[in-house]
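As the structure is a prediction and not an experimental result, all values here were calculated from the model.
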Amino acid sequence: MTDGKADFQTFPPAPRVVTVAGTALELTPIRLGELPRLLAAVRPLAADLSAEPDWFDLLARHGEAVLELLAITTRRERAWVNDLSLEDAVTLAAAVFEVNADFFVGRVVPAIQGAAQHLAPILEQMQAGTRRLPA
């Protein structure tokens, strides 16, 4: 006999509903097939992600990446995302981040931090002139 609680954990998570621009969106965690596009979109802003991102700052510094991220994670056309008000975009970004927090905080941020730690000594050597890029 199986643990009943464990059986319910195998069900897909209930979507989080957020209403922006008069539209109720059901947000669910990202799917495997969305990962390649999502990782490409997240790459420019990954180093600036934290457990509590400042979405206004991220939009100001990485606007195109954030808009693409919203289009992918909401499964909406980019044109729809482009037409959102700033307030709706921030609300939506916060909801998307919350729904996918395991991915962003548990995977993206540690991966970027690990890469940065790996590259730091190499960059220091290059700046000191003791190391060059391979030809």
Can you find a heavy atom in the side chain of T74 that is under 4.5 Å from one in the side chain of V20?
no

Identify whether L86 and W80 are in the same connected component of the hydrophobic contact network (ILVMFWY, side-chain heavy atoms under 4.5 Å).
yes

If every non-hydrogen atom of L69 is compared with every non-hydrogen atom of V42, which pair is closest and at what distance?
CD1-CG2, 3.4 Å

To the nearest 0.5 Å, what is the distance between OG1 on T91 and CH2 on W55?
12.0 Å

Quick check for you: to the nearest 0.5 Å, what is the distance between T73 atom OG1 and R37 atom CZ?
10.0 Å

Reported CG-to-CD distance for the pair D83 and E77, which is rounded to 0.5 angstrom
12.0 Å

Measure across P53 and L58 and return the closest heavy-atom pair with its distance rounded to 0.1 Å.
CB-CD1, 3.7 Å

Scan side-chain atoms only and decide if R75 and T28 contain a donor-acceptor pair under the 3.5 Å cut-off.
yes

Whether the side chain of E68 engages the backbone of A65 through a donor-acceptor N/O pair (distance < 3.5 Å, no angle test) should be reported.
no

Taking side chain to side chain contact (heavy atoms under 4.5 Å, CB included) as the criterion, tell me which of L70, I30, V66 meets it with V96.
L70

Are side-chain heavy atoms of D57 and D48 found at a separation under 4.5 Å?
no

How long is the gap from CG on L45 to CZ on R61, to the nearest 0.5 Å?
9.5 Å

Is the side chain of T19 donor-acceptor paired with the backbone N or O of G22 at a distance under 3.5 Å, no angle test?
no

Point-to-point distance, once rounded to the nearest 0.5 Å, from CG of L27 to CZ of R16:
7.0 Å

If I take atom CZ from residue R76 and atom CG from residue N82, how far apart are they, to the nearest 0.5 angstrom?
12.5 Å

Which atoms form the tightest heavy-atom contact between V99 and P29, and what is the distance?
CG1-N, 3.5 Å

